2 protein chains.
Amino acid sequence: MKGHNFSSKREAIFKTIASTKAHPSARWVYDRLKDEIPDLSLGTVYRNIALFKEQGKVVSVASVDGEERIDADVSDHAHFICEKCSGVFDLHQSELSPLEKELFKSGFEINRKNVVFYGICSKCSKN
Amino acid sequence: MKGHNFSSKREAIFKTIASTKAHPSARWVYDRLKDEIPDLSLGTVYRNIALFKEQGKVVSVASVDGEERIDADVSDHAHFICEKCSGVFDLHQSELSPLEKELFKSGFEINRKNVVFYGICSKCSKN
DNA sequence: TCAAAAACAGTAATCATTCCTGTTTTCTGT
DNA sequence: ACAGAAAACAGGAATGATTACTGTTTTTGA
């Protein structure tokens, strides 16, 4: 079965994703790790991210500048994406329950929700 | 300047996007129109969709199965995406104001928000 | 230690999207 | 209506993120 053997590269990839608030892309993880693990391959990063998603250990946040950005914080929270610096920021305490209730009544089964605000972050606003 | 000349193809592309609730992809629009306009090119569809986005006449909803899905209804509303049939459905009356207020206080400038629920639609649930 | 399963590197393939070049259409002023 | 100039376009090539493939290495469990 897939994803059941130990793999130090898989560990390193997950640790990298989980220990940053950058909401990284596959390439970001690869670039971050390639000094530490010179024989790491980008395909391995993609393969493991796909596995983590299947396992529910990471979620996809959004596609920013053509790259998928992921999050190892799978708790229910929203995101803000800055259209200037491409930064992705966490936003907690979303208030979506009225809408969710309505969906439930309509027979829709919600697996996950994705709330994304697009705009200019406070740092970029100053420049 | 761009987007200021009349173009019957551009008109047809916009009309196609605006007259469906399918939240179409570029290829969907192209396939829908190619019988009516045999010399239409896919690049023209992409180019015009990019123009409509710049003009605020369409918005990007989400990437579904690797294809960007757009909406000519630019009013503030959320979407539900079925992970089985890839259908995109409108959801009105989202209740996000508490979160928006907080963002505003933090100096973030919101250009647009994108609220997407992922799950299984009622039709697919029955099968 | 050994064979099967899993994971991997490295590279090729895929596919949505964008770019480029030469042609056609639209616009504007005469 | 006519003649540039600007815009829009077709068709195909290029790009770039992601995925698939193949042969090799690592892990596992007996």
Side-chain angles (χ1 to χ4, degrees), chain A residues 1-17 22-55 57-71 81 83 86 88, chain B residues 1-17 22-55 57-71 81 83 86 88:
Chain A
M1 199 190 331
K2 194 174 42 167
H4 277 60
N5 279 8
F6 169 83
S7 152
S8 58
K9 287 174 184 174
R10 179 176 300 149
E11 302 260 298
I13 291 167
F14 186 74
K15 201 169 288 182
T16 300
I17 298 167
H23 303 80
S25 65
R27 181 164 293 278
W28 189 96
V29 174
Y30 173 72
D31 288 340
R32 168 68 74 98
L33 283 172
K34 70 183 174 192
D35 284 336
E36 182 185 337
I37 308 171
D39 68 338
L40 180 66
S41 130
L42 182 56
T44 295
V45 177
Y46 274 107
R47 183 162 22 79
N48 280 288
I49 287 174
L51 179 66
F52 299 151
K53 287 203 274 185
E54 279 176 36
Q55 295 174 335
K57 294 170 75 178
V58 311
V59 292
S60 173
V61 172
S63 181
V64 183
D65 301 330
E67 287 187 329
E68 183 179 34
R69 303 282 288 268
I70 58 174
D71 195 348
I81 298 176
E83 294 176 316
S86 300
V88 178
Chain B
M1 202 192 326
K2 196 173 40 167
H4 278 59
N5 279 8
F6 170 84
S7 151
S8 58
K9 288 173 183 173
R10 179 176 299 152
E11 302 260 298
I13 292 166
F14 186 74
K15 202 169 288 181
T16 300
I17 298 167
H23 302 81
S25 65
R27 181 164 293 279
W28 189 97
V29 173
Y30 173 73
D31 288 341
R32 168 68 74 98
L33 283 172
K34 70 183 173 194
D35 285 336
E36 183 186 335
I37 308 173
D39 70 337
L40 181 66
S41 129
L42 183 56
T44 295
V45 176
Y46 274 106
R47 182 160 24 79
N48 279 289
I49 286 174
L51 179 65
F52 298 151
K53 287 203 274 187
E54 278 177 36
Q55 295 174 335
K57 295 171 76 177
V58 311
V59 292
S60 173
V61 172
S63 180
V64 183
D65 302 330
E67 286 187 330
E68 183 179 35
R69 303 282 287 268
I70 57 173
D71 195 348
I81 298 177
E83 294 176 316
S86 299
V88 178

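Only this structure's heavy atoms are used, side chains among them; waters, hydrogens and symmetry mates stay out. Every value quoted in this text rests on a predicted model; they were computed, and no experiment measured them.
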What is the distance, to the nearest angstrom, from the CZ atom on A:F14 to the C1' atom on C:dA7?
18 Å
Winner on side-chain proximity to B:R10, out of D:dT28, D:dA8, C:dT26, is D:dA8
Straight-line distance of A:H23 NE2 to A:I81 CD1, nearest 0.5 Å:
9.0 Å
If only side-chain N and O atoms of A:R47 are considered, is one of them under 4.0 Å from the OP1 or OP2 phosphate oxygen of D:dT19?
no
Would A:N48 and A:K9 count as a side chain to side chain contact (heavy atoms under 4.5 Å, CB included) if you check the C-alpha gap in whole Å, the side-chain angles of each, and the deciding distance to 0.1 Å?
CA-CA 9 Å; A:N48 280 288; A:K9 287 174 184 174; 5.6 Å; no
Can you check nucleotides 13-18 of chain D for protein contacts, nitrogen or oxygen pairs under 3.5 Å, and list what you find?
{"unit_1": "D:dA17", "atom_1": "O3'", "unit_2": "A:G66", "atom_2": "O", "d": "3.4"}
{"unit_1": "D:dT18", "atom_1": "OP1", "unit_2": "A:E68", "atom_2": "N", "d": "3.1"}
{"unit_1": "D:dT18", "atom_1": "OP2", "unit_2": "A:Y46", "atom_2": "OH", "d": "2.3"}
{"unit_1": "D:dT18", "atom_1": "O5'", "unit_2": "A:Y46", "atom_2": "OH", "d": "3.3"}

Return the value, rounded to whole Å, for the distance between atom NE2 of A:H4 and atom C1' of C:dC8.
19 Å
What's the separation between atom CD in A:E54 and atom CD1 in A:I49, rounded to the nearest 0.5 Å?
13.0 Å
Keeping A:R69 on the side-chain end and A:V61 on the backbone end, is there a donor-acceptor pair under 3.5 Å?
no
Anything under 3.5 Å between a donor and an acceptor, one on a side chain of residues 31-38 of chain A, the other on a protein residue two or more places apart or in another chain? List them.
{"unit_1": "A:D31", "atom_1": "OD1", "unit_2": "A:K34", "atom_2": "NZ", "d": "3.3"}

Measuring to OP1 and OP2 of C:dC8, would you say a side-chain N or O of A:N48 lies under 4.0 angstrom away?
yes
Pairwise side-chain contact, A:L51 with A:R10, heavy-atom cut-off 4.5 Å (strictly under)
yes
Residue B:T44, side-chain heavy atoms: nucleotide from D:dA8, D:dA10, C:dA7 that is nearest
D:dA10
Looking only at D:dT28, D:dA10, C:dT26, the nucleotide nearest the B:S41 side chain is D:dA10
Just to be sure I understand the rule, does A:G3 reach a base, reach only the sugar-phosphate, or reach nothing, if contact means heavy atoms closer than 4.0 Å?
sugar-phosphate
Starting from C1' on D:dA8, measure out to NZ on B:K9 and report it in whole angstrom.
9 Å
Whole angstrom is fine here: how far is it from NZ in A:K2 over to C1' in D:dT26?
19 Å
In this structure, how many angstroms lie between the C1' atom of D:dC9 and the CD1 atom of B:I13, rounded?
10 Å
Quickly work out the B:L40 CG to C:dT24 P distance and round it to whole Å.
17 Å
B:N5 or B:D39: which one's nearest nucleotide on DNA chain D is closer to the 5' end?
B:N5
Rounded to the nearest angstrom, tell me the gap between atom CG in A:L51 and atom P in C:dA7.
7 Å
Separation of A:I49 atom CD1 from D:dA20 atom P, in whole Å?
15 Å
Side-chain touch B:T44/B:Y30, heavy atoms, less than 4.5 angstrom:
no
Does B:S7 have a side-chain nitrogen or oxygen under 4.0 Å from the phosphate oxygens OP1 or OP2 of C:dT25?
no
Mind checking whether A:I13 and A:F52 have side chains closer than 4.5 Å, heavy atoms only?
yes
Partner of B:E68 under side chain to side chain donor-acceptor pair (under 3.5 Å), picked from B:S63, B:S60, B:S25, is B:S60
Between CG of A:L42 and CZ of A:R47, what distance do you get to the nearest 0.5 Å?
10.5 Å
List in numerical order all residues of residues 28-37 of chain B for which some heavy atom is under 4.0 Å away from an atom belonging to DNA chain D.
none
